[in-house]
Amino acid sequence: MTRHLITSAIPYINGIKHLGNLVGSQLPADLYARYLRGRGNEVLFLCGTDEHGTPAELAAAKAGKPVAEYCAEMWEVQWELSQGFRLSFDHYGRSSSAQNHRLTQHFAGRLDTAGLIEEVTEKQVYSNADGRFLPDRYVEGTCPNCGYERARGDQCENCTKQLDPTDLIDARSAISGSTDLEVRETKHLHLRQSAMMDQLDSWISSKSDWPILTTSIAKKWLHDGDGLQDRGITRDLDWGVPVKKGDDDWPGMEDKVFYVWFDAPIEYISCAQEWVDAGKGDNWERWWRTDKGAEDVTYTQFMGKDNVPFHTLSFPATILGSGEPWKLVDYIKSFNYLNYDGGQFSTSQGRGVFMDQALEILPADYWRWWLLSHAPENSDSEFTWDNFQTSVNKDLADVLGNFVSRITKFCRSKFGEAVPGGGAYGAAEQALIDDLTVKTRAYEAHMDAMEIRKAAAALRAIWVAGNEYLQSAAPWSTFKEDPDSAAAQVRLGLNLIRFYAVLSAPFIPDAAATMLAAMNSNDDSWPDDVPGALNALTGEHAFSVPDVLFAKITDDQREDWQARFAGTRD
RNA sequence: GGGCCUGUAGCUCAAUUGGUUAGAGCAGAGCGCUCAUAACGCUUUGGUUGGGGGUUCGAGUCCCUCCGGGCCUACCA
């Protein structure tokens, strides 16, 4: 048994996430957590909401609510949805928690003591009408290069020229449209990442087994131009972690907060404290402090590719720079994007399927199966309703669901609703058991390597093997001549259902629970011993015939949903 | 502009990292079965691996070039 700390990138607070967000971090993290728990490992799986920053304030303003209230409500919404998708977090925290405030301030103090914080006076655009400083991309205007009228202050998306907000002609606030802008001086703290470039570089270089997507992004930042740049870690905002050095005030930094990307990853640690404070655990340091028991922890992070720089560089710089023995990440699994029917999912345009809508139309298992078996691991992948309907109907309804249905119903009609005890496994049964042993080990190898699509294919092959066996054993024929042999065949079939329930639980937990319950069993131990697992249910053990596990998606439903989600939300 | 990823059968994806005749699932065709959600099983048709050139005994894999798709580019997060 080993100990695994798993975190998913924490989703931003300003709205309900779409399926692309879900499959990019939380869902695969959950798959891995469930798998490792299933195999008897000790797992701490943490996630939460990322609540600070300009978009949260704007979303709250749009909703007409104080930002704290808005975030609290959205946390509740996201939490409920995560439960709906059966995401098995040990704790779902908040980056706005008191624990995270304290720890963020603690890290800042340590970094300052280590000489890694620099105070820099810089010029930023201030909007008098909005009463706030504007991030570059919240300044809009006409591009001096191409004349595009909606260029942003950081870059013109029409001609891709890099811009400075002061370059824009007729600059205006993207928030209010006000042109009453001025450039003001403001003082900010910078994290001297440049001083840690070599240390980070050698650390990244030691991770030869990480996905190319992860290391190539990190190395690009490390080696591009003059190398890793210092980064501002404070902002002129109201909502966030107040700038302090540990418990002490930071002179000159009153009314400022830490930048969301400084405090958000720290929430991974704070979340473990929240977990303890919520009474769910009793020692968070043994997961996070290598001097207090975390030296044997394997830490895996899951995230979309857009989050990679913060997890490979900024957050490690924070941890290493503190000079304290915090646990560093051991493996980063990053994902490409899921596209929607020929384009991108779009939160702003409401294009695609969002988590709440998905659960309104189908149970979580359908989505989990499709999303995980099509996870965008090597390149962007694409959701289409045709593909979704076909995959779900074929894999879940026909291959797995129908298998459960045919064997339980056959047994009920010939032997009644108890495992028949007659006969004994013969050569054909042994061949199946041997085959399943090989296939199970292959499935485990893919799961261990976090090769999600391959694991899904391996699991499906395990389901298919059951149908192949039933077809060749043909207990409906055997029964006429030799009821005892048919009994053994059916007994193996029923054992397969329990076996499938255990193996499939990481992907489709609800169906797995239904299958296990139908087999009237609590034994969900991982089949390290496949022959033993396929002899677990013995004669006279009562079971029940479950309802249809997976109803098929009809053509009408598919067309309906395709039309409903093509345009804008609502 | 720069960097990275990517292009394989009608569709979604593999290919032990340069090694025999490029494989699966779905869709299509045929056969079988009748326990089952018109489900299952078996057989089978599909490929000039985006185009072109090069290195090599050997290239989907390495190099060059062109074409297409995507992401990132540090103040959105």
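Worth saying up front: this structure is predicted, and the values here are computed from it rather than measured. Residue numbers start from 1 in every chain, and the chains themselves are labelled A, B, ... in the order their sequence lines are given, proteins ahead of strands. Heavy-atom basis, side chains included; hydrogens, waters and symmetry copies ignored.
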**Prompt:** Within the pair A:Lys414 and B:A36, is there a side-chain N or O less than 4.0 Å away from OP1 or OP2?
**Reply:** no

**Asked** If you look at every strand shown and take non-hydrogen atoms under 4.0 Å, does A:Leu470 touch a base, only sugar-phosphate, or nothing?
**Response** nothing

**A:Trp561 side-chain N/O to A:Val353 backbone N/O, donor-acceptor pair under 3.5 Å** = no

**Item:** A:Arg137 vs B:C76: side-chain N/O to OP1/OP2 distance below 4.0 Å
**Value:** yes

**Asked** For B:U48, what is the paired nucleotide under Watson-Crick or G-U wobble rules, both distances under 3.5 Å?
**Response** none

**Prompt:** Phosphate oxygens OP1/OP2 of B:A77: is one of them under 4.0 Å from a side-chain N or O of A:Tyr259?
**Reply:** yes

**Message:** Can you tell me how far apart OG (A:Ser127) and CG (A:Leu134) are? Round to the nearest 0.5 Å.
**Reply:** 5.0 Å

**Message:** Counting distance alone, no hydrogens or angles: does the base of B:C75 have a donor or acceptor under 3.5 Å from a partner atom on the side chain of A:Glu122?
**Reply:** yes

**Request:** With a 3.5 angstrom cut-off on both distances, give the Watson-Crick or G-U wobble partner of B:G7, or none if there isn't one.
**Result:** B:C67

**Request:** Scan A:Lys454 against the nucleic acid and name what it touches under 4.0 Å (heavy atoms): base, sugar-phosphate only, or nothing.
**Result:** sugar-phosphate

**Request:** Choose from B:C76, B:A77, B:U73 the nucleotide whose nearest atom is closest to any side-chain atom of A:Asp154.
**Result:** B:C76

**Prompt:** If you draw the axis of the six-membered ring of A:Phe335, does the NZ or CZ of A:Lys305 fall within 45° of it and under 6.0 Å from the ring centre?
**Reply:** no

**Rounded interatomic separation in angstrom, taking CZ from A:Arg453 and C1' from B:A14** = 9 Å

**Complete:** For B:G41, the nucleotide meeting Watson-Crick or G-U wobble distances (both under 3.5 Å) is B:C31

**Item:** Identified pairing partner of B:A59, criterion: Watson-Crick or G-U wobble below 3.5 Å
**Value:** none

**Message:** Checking side-chain polar atoms at under 3.5 Å, does A:Thr554 have a donor or acceptor matched by the opposite partner on A:Asp556?
**Reply:** no

**Complete:** Here the distance between atom P of B:U6 and atom CD of A:Glu377, to the nearest Å, is 13 Å

**Message:** With rounding to the closest Å, how many angstrom separate the C1' atoms on B:A27 and B:C13?
**Reply:** 15 Å

**Whole-Å distance separating the CZ atom of A:Arg558 from the C1' atom of B:C26** = 14 Å

**Message:** Could you check whether the side chain of A:Glu468 and the base of B:C40 have a donor-acceptor pair of N or O atoms closer than 3.5 Å, going by distance alone?
**Reply:** no

**Message:** Mind checking if A:Tyr337 touches a base, just sugar-phosphate, or nothing, with heavy atoms under 4.0 Å?
**Reply:** sugar-phosphate

**Prompt:** Does NZ or CZ of A:Arg184 fall inside the cone over A:Tyr126's six-membered ring, less than 6.0 Å from its centre and within 45° of the axis?
**Reply:** yes

**Request:** Please check if the side chain of A:Ser544 supplies one atom and the backbone of A:Pro546 the other of a donor-acceptor pair under 3.5 Å.
**Result:** no

**Message:** Return whichever of A:Gly401 or A:Asp395 has its heavy-atom-nearest nucleotide of RNA chain B closer to the 5' end.
**Reply:** A:Asp395

**Message:** Tell me whether the side-chain N or O atoms of A:Asn402 pair up with the base of B:A39 as donor and acceptor below 3.5 Å, since no angle test is needed here.
**Reply:** no

**Item:** Carboxylate-amine/guanidinium proximity below 4.0 Å for A:Asp236 and A:Arg132
**Value:** no

**Asked** Which part of the nucleic acid, if any, lies within contact of A:Phe310, taking any heavy atom under 4.0 Å across all strands shown: a base, the sugar-phosphate backbone alone, or nothing?
**Response** base

**Message:** Once you apply a heavy-atom cut-off of 4.0 Å, does A:Lys552 come out as touching a base, just sugar-phosphate, or nothing?
**Reply:** base

Show each protein N/O and nucleotides 28-32 of chain B N/O combination with a separation under 3.5 Å, one pair to a line.
{"unit_1": "B:G32", "atom_1": "N2", "unit_2": "A:Gln471", "atom_2": "NE2", "d": "3.1"}

**Asked** Paired with B:C75: which nucleotide, if any, by Watson-Crick or G-U wobble criteria at under 3.5 Å for both distances?
**Response** none

